[in-house]
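Step one of this worksheet: look at the structure below.
Throughout, residue positions are numbered sequentially from 1 according to the sequence presented. Because the structure is a prediction, the values reported are computed rather than measured.
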Amino acid sequence: MARPDGRYELTAPGAGTYVMVAAADGHQPQAATVAVGDEPLAHDLVLLGAPGLSGVVSGADGLPVAAAVVIVTDARGEVLGSGRTGTDGEFTFGELPAGELTVAVNAAGHRPAAVPVTVGEGGSGRVEIALTAGARLQGAVRSGTDLRPLADARVTLVDAAGNVAATATTSADGAYAFADLDAGEYSVVASGYPPVATPLSVTGSGTDALDIELSHPAS
(Lines give C-alpha, C1' and ligand atoms only; values in the text may rest on other atoms or scores of the structure.)
Protein backbone atom coordinates (compact mmCIF):
# COMPACT_ATOMS: atom_id res chain seq x y z
CA MET A 1 0.00 0.00 0.00
CA ALA A 2 1.21 3.49 -0.81
CA ARG A 3 1.99 5.75 2.10
CA PRO A 4 0.10 9.02 2.72
CA ASP A 5 2.64 10.87 0.54
CA GLY A 6 2.05 8.41 -2.32
CA ARG A 7 5.43 6.73 -2.00
CA TYR A 8 5.74 2.95 -2.12
CA GLU A 9 8.46 0.33 -1.88
CA LEU A 10 8.41 -3.24 -3.22
CA THR A 11 10.95 -6.03 -2.96
CA ALA A 12 11.37 -8.00 -6.19
CA PRO A 13 12.10 -11.74 -5.99
CA GLY A 14 15.14 -11.14 -8.17
CA ALA A 15 16.42 -9.39 -11.27
CA GLY A 16 14.09 -9.55 -14.26
CA THR A 17 11.18 -7.95 -16.06
CA TYR A 18 7.96 -7.39 -14.16
CA VAL A 19 4.52 -5.87 -14.73
CA MET A 20 3.57 -3.44 -12.01
CA VAL A 21 -0.11 -2.55 -11.47
CA ALA A 22 -1.37 0.34 -9.35
CA ALA A 23 -5.04 0.79 -8.44
CA ALA A 24 -6.90 3.15 -6.11
CA ASP A 25 -10.52 3.99 -5.46
CA GLY A 26 -11.81 6.74 -7.70
CA HIS A 27 -8.94 6.36 -10.18
CA GLN A 28 -8.25 4.39 -13.33
CA PRO A 29 -5.79 1.52 -12.73
CA GLN A 30 -2.42 1.75 -14.47
CA ALA A 31 0.04 -0.96 -15.50
CA ALA A 32 3.70 -0.58 -16.41
CA THR A 33 6.53 -2.93 -17.41
CA VAL A 34 9.71 -2.47 -15.40
CA ALA A 35 13.11 -4.11 -15.70
CA VAL A 36 14.67 -4.71 -12.29
CA GLY A 37 18.42 -5.25 -11.96
CA ASP A 38 20.78 -5.54 -9.05
CA GLU A 39 20.38 -1.87 -8.07
CA PRO A 40 17.27 -0.25 -6.57
CA LEU A 41 14.93 1.14 -9.22
CA ALA A 42 12.77 4.26 -8.92
CA HIS A 43 9.55 4.22 -10.96
CA ASP A 44 6.73 6.74 -10.57
CA LEU A 45 3.11 6.04 -11.58
CA VAL A 46 0.44 8.63 -12.34
CA LEU A 47 -3.18 7.58 -11.77
CA LEU A 48 -5.89 9.48 -13.57
CA GLY A 49 -9.18 10.16 -11.87
CA ALA A 50 -11.98 7.86 -13.03
CA PRO A 51 -14.43 9.70 -15.32
CA GLY A 52 -17.69 10.69 -13.71
CA LEU A 53 -20.84 12.47 -14.77
CA SER A 54 -22.98 15.03 -13.03
CA GLY A 55 -25.78 17.27 -14.13
CA VAL A 56 -29.08 18.92 -13.40
CA VAL A 57 -32.61 18.27 -14.61
CA SER A 58 -34.98 21.21 -14.96
CA GLY A 59 -38.48 21.76 -16.29
CA ALA A 60 -39.72 24.07 -19.01
CA ASP A 61 -40.08 26.79 -16.35
CA GLY A 62 -36.39 26.50 -15.49
CA LEU A 63 -37.05 25.11 -12.02
CA PRO A 64 -35.26 21.94 -10.89
CA VAL A 65 -37.13 18.66 -11.20
CA ALA A 66 -36.78 16.51 -8.09
CA ALA A 67 -37.09 12.70 -7.98
CA ALA A 68 -36.55 12.35 -11.73
CA VAL A 69 -35.22 8.93 -12.76
CA VAL A 70 -31.83 9.22 -14.52
CA ILE A 71 -30.32 6.25 -16.40
CA VAL A 72 -26.88 6.19 -18.05
CA THR A 73 -26.24 3.68 -20.85
CA ASP A 74 -23.29 2.97 -23.12
CA ALA A 75 -23.22 2.72 -26.91
CA ARG A 76 -24.55 -0.87 -26.72
CA GLY A 77 -27.49 0.17 -24.57
CA GLU A 78 -26.16 -1.48 -21.42
CA VAL A 79 -27.11 0.31 -18.21
CA LEU A 80 -24.06 1.73 -16.43
CA GLY A 81 -25.89 3.48 -13.63
CA SER A 82 -29.24 4.77 -12.46
CA GLY A 83 -30.51 7.07 -9.78
CA ARG A 84 -32.83 9.94 -8.92
CA THR A 85 -32.32 13.67 -8.81
CA GLY A 86 -32.27 15.47 -5.50
CA THR A 87 -34.47 18.35 -4.47
CA ASP A 88 -32.14 20.66 -6.40
CA GLY A 89 -32.50 18.57 -9.58
CA GLU A 90 -28.87 17.44 -9.36
CA PHE A 91 -27.54 13.96 -10.07
CA THR A 92 -24.05 12.44 -9.96
CA PHE A 93 -22.49 9.22 -11.23
CA GLY A 94 -18.92 8.24 -10.46
CA GLU A 95 -16.42 5.92 -12.13
CA LEU A 96 -18.03 5.67 -15.55
CA PRO A 97 -16.10 4.41 -18.57
CA ALA A 98 -14.82 7.11 -20.90
CA GLY A 99 -16.60 7.40 -24.23
CA GLU A 100 -19.96 8.16 -25.76
CA LEU A 101 -22.82 7.68 -23.29
CA THR A 102 -26.54 8.35 -23.28
CA VAL A 103 -28.42 9.93 -20.38
CA ALA A 104 -32.15 9.19 -20.26
CA VAL A 105 -34.46 11.04 -17.88
CA ASN A 106 -38.06 10.31 -16.93
CA ALA A 107 -40.15 12.35 -14.50
CA ALA A 108 -43.83 12.46 -13.66
CA GLY A 109 -45.71 15.12 -15.58
CA HIS A 110 -42.92 15.55 -18.12
CA ARG A 111 -41.99 14.11 -21.47
CA PRO A 112 -39.07 11.66 -21.25
CA ALA A 113 -35.75 12.87 -22.68
CA ALA A 114 -32.49 11.29 -23.78
CA VAL A 115 -29.30 13.18 -24.57
CA PRO A 116 -25.85 12.02 -25.72
CA VAL A 117 -22.82 12.98 -23.66
CA THR A 118 -19.09 12.39 -24.00
CA VAL A 119 -17.08 11.51 -20.93
CA GLY A 120 -13.34 12.04 -21.36
CA GLU A 121 -10.36 10.28 -19.86
CA GLY A 122 -9.42 11.46 -16.40
CA GLY A 123 -12.17 14.01 -16.08
CA SER A 124 -15.81 14.36 -15.19
CA GLY A 125 -18.52 15.50 -17.55
CA ARG A 126 -21.55 17.61 -16.82
CA VAL A 127 -24.86 17.86 -18.64
CA GLU A 128 -27.96 20.01 -18.25
CA ILE A 129 -31.26 18.43 -19.28
CA ALA A 130 -34.46 20.43 -19.76
CA LEU A 131 -37.71 18.49 -19.74
CA THR A 132 -40.88 19.62 -21.47
CA ALA A 133 -44.20 19.27 -19.73
CA GLY A 134 -46.30 16.35 -20.94
CA ALA A 135 -49.83 17.38 -21.91
CA ARG A 136 -52.70 15.32 -20.51
CA LEU A 137 -56.07 14.55 -22.05
CA GLN A 138 -58.87 12.89 -20.13
CA GLY A 139 -62.61 12.53 -20.39
CA ALA A 140 -65.47 10.05 -20.47
CA VAL A 141 -67.50 8.21 -23.11
CA ARG A 142 -71.28 8.17 -22.62
CA SER A 143 -74.14 6.66 -24.60
CA GLY A 144 -77.92 6.62 -24.83
CA THR A 145 -80.42 9.35 -24.20
CA ASP A 146 -79.60 9.20 -20.50
CA LEU A 147 -75.86 9.65 -21.24
CA ARG A 148 -74.88 6.66 -19.12
CA PRO A 149 -71.14 5.87 -18.90
CA LEU A 150 -69.99 3.38 -21.53
CA ALA A 151 -67.42 0.92 -20.24
CA ASP A 152 -64.91 -0.98 -22.41
CA ALA A 153 -65.18 1.44 -25.33
CA ARG A 154 -62.09 1.91 -27.49
CA VAL A 155 -60.77 5.49 -27.65
CA THR A 156 -58.18 6.32 -30.30
CA LEU A 157 -56.11 9.50 -30.41
CA VAL A 158 -55.05 10.54 -33.91
CA ASP A 159 -52.57 13.35 -34.59
CA ALA A 160 -52.83 16.00 -37.32
CA ALA A 161 -50.90 13.80 -39.77
CA GLY A 162 -53.37 10.95 -39.36
CA ASN A 163 -51.09 8.77 -37.25
CA VAL A 164 -52.44 6.92 -34.23
CA ALA A 165 -50.78 8.56 -31.24
CA ALA A 166 -52.34 6.41 -28.52
CA THR A 167 -55.27 4.16 -27.69
CA ALA A 168 -57.17 3.56 -24.48
CA THR A 169 -60.12 1.54 -23.22
CA THR A 170 -62.70 3.17 -20.98
CA SER A 171 -63.11 1.99 -17.40
CA ALA A 172 -66.35 1.05 -15.65
CA ASP A 173 -67.30 4.73 -15.29
CA GLY A 174 -66.56 5.43 -18.98
CA ALA A 175 -63.39 7.36 -18.19
CA TYR A 176 -60.25 7.44 -20.33
CA ALA A 177 -56.97 9.34 -20.13
CA PHE A 178 -53.87 10.01 -22.21
CA ALA A 179 -50.66 11.36 -20.68
CA ASP A 180 -47.26 12.62 -21.86
CA LEU A 181 -48.64 14.12 -25.07
CA ASP A 182 -46.95 16.66 -27.30
CA ALA A 183 -48.83 19.91 -27.72
CA GLY A 184 -50.71 20.02 -31.00
CA GLU A 185 -53.91 19.20 -32.87
CA TYR A 186 -55.55 15.81 -32.33
CA SER A 187 -58.74 13.94 -33.15
CA VAL A 188 -60.41 11.65 -30.62
CA VAL A 189 -62.30 8.66 -32.01
CA ALA A 190 -64.53 6.58 -29.73
CA SER A 191 -66.07 3.29 -30.80
CA GLY A 192 -67.70 0.16 -29.40
CA TYR A 193 -66.87 -3.39 -30.30
CA PRO A 194 -66.27 -4.17 -33.98
CA PRO A 195 -68.97 -6.33 -35.61
CA VAL A 196 -68.63 -10.10 -35.65
CA ALA A 197 -70.09 -12.31 -38.43
CA THR A 198 -70.76 -16.00 -37.79
CA PRO A 199 -72.01 -18.29 -40.59
CA LEU A 200 -74.72 -20.77 -39.57
CA SER A 201 -77.41 -23.00 -41.01
CA VAL A 202 -80.90 -23.08 -39.47
CA THR A 203 -82.93 -26.25 -39.95
CA GLY A 204 -85.89 -27.89 -38.30
CA SER A 205 -86.95 -26.15 -35.14
CA GLY A 206 -84.01 -23.72 -35.30
CA THR A 207 -81.02 -22.99 -33.09
CA ASP A 208 -81.17 -21.57 -29.59
CA ALA A 209 -77.49 -21.93 -28.51
CA LEU A 210 -75.59 -19.52 -30.74
CA ASP A 211 -73.39 -17.38 -28.50
CA ILE A 212 -71.58 -14.36 -29.91
CA GLU A 213 -68.49 -12.90 -28.24
CA LEU A 214 -67.50 -9.29 -28.84
CA SER A 215 -64.03 -8.00 -28.10
CA HIS A 216 -61.50 -5.42 -29.17
CA PRO A 217 -58.66 -6.61 -31.43
CA ALA A 218 -55.27 -6.84 -29.75
CA SER A 219 -53.34 -3.58 -29.99
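- Within the 4.5 Å cutoff, the side chain of V34 has heavy atoms near those of the L41 side chain.
- For A179, the side-chain contact (heavy atoms from CB on, under 4.5 Å) criterion is met by R136, not counting sequence neighbours.
- Cluster annotation: V69 is not connected to L131 through the hydrophobic network of ILVMFWY side chains, with a link wherever side-chain heavy atoms come within less than 4.5 Å.
- Under the 4.5 Å side-chain criterion, counting only non-hydrogen atoms from C-beta, V127 is in contact with I129.
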Got a list of side-chain donor-acceptor pairs under 3.5 Å for residues 7-23, not counting sequence neighbours?
unit_1	atom_1	unit_2	atom_2	d
Y8	OH	H43	O	2.5
Y18	OH	G14	N	3.3
Y18	OH	G14	O	2.6

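- One hydrophobic cluster, built from ILVMFWY side chains closer than 4.5 Å, cannot hold both V189 and V164; they sit in different ones.
- Residue pairs that meet the ring-ring contact (aromatic ring centres under 6.0 Å, His included) test with at least one member in residues 59-81, sequence neighbours left out, do not exist here.
- Residues H216 and P194 are in side-chain contact: their nearest non-hydrogen atoms beyond the backbone lie under 4.5 Å apart.
- Taking the side chain as every heavy atom from C-beta outward, L101 and T118 never approach each other to under 4.5 Å.
- Using a 4.5 Å heavy-atom cutoff, the side chains of V103 and V105 are in contact.
- Screening residues 80-93 for side-chain hydrogen bond (donor to acceptor under 3.5 Å, both in side chains) gives E90-R126 as the qualifying pairs, with residues at least two apart or on separate chains.
- Looking at residues two or more places apart in sequence or on another chain, you find a side-chain contact (heavy atoms from CB on, under 4.5 Å) between D61 and L63.
- The minimum heavy-atom distance between A107 and A68, with the atom names listed, is CB-CB, 3.8 Å.
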Determine whether S58 and E128 satisfy the following criterion, side-chain contact (heavy atoms from CB on, under 4.5 Å), listing intermediate values before the conclusion. CA-CA 8 Å; S58 60; E128 296 182 1; over 6 Å; no

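- Nearest approach of L45 to A32, heavy atoms of both residues: CD2-CB, 4.0 Å.
- Taking each heavy atom of A172 and A151 in turn, the nearest pair found is CA-CB, 3.8 Å.
- In this structure, N106 and P112 approach most closely via the heavy-atom pair OD1-CB, 4.1 Å.
- Sorted pairs that involve residues 135-156 and meet ring-ring contact (aromatic ring centres under 6.0 Å, His included), not counting sequence neighbours, are lacking altogether.
- Annotation: salt bridge (Lys or Arg N to Asp or Glu O under 4.0 Å) contacts of R76 (sequence neighbours excluded): D74, E78.
- Through direct or indirect side-chain contacts shorter than 4.5 Å among Ile, Leu, Val, Met, Phe, Trp and Tyr, L137 is connected to V141, L150, V155, L157, Y176, F178, L181, Y186, V188.
- Residues V158 and N163 fail the side-chain proximity criterion, which asks for heavy atoms closer than 4.5 Å.
- Remark: E185 engages no residue in a salt bridge (Lys or Arg N to Asp or Glu O under 4.0 Å) (not counting sequence neighbours).
- When the side-chain contact (heavy atoms from CB on, under 4.5 Å) test is applied to A108, no partner is found at least two apart in sequence or on another chain.
- Under the side-chain contact (heavy atoms from CB on, under 4.5 Å) criterion, T73 pairs with I71, V79, T102, sequence neighbours left out.
- Residues V56 and F91 share a closest heavy-atom pair of N-CE2, 3.7 Å.
- Applying the salt bridge (Lys or Arg N to Asp or Glu O under 4.0 Å) test to D182 and every residue at least two apart in sequence or in another chain returns R111.
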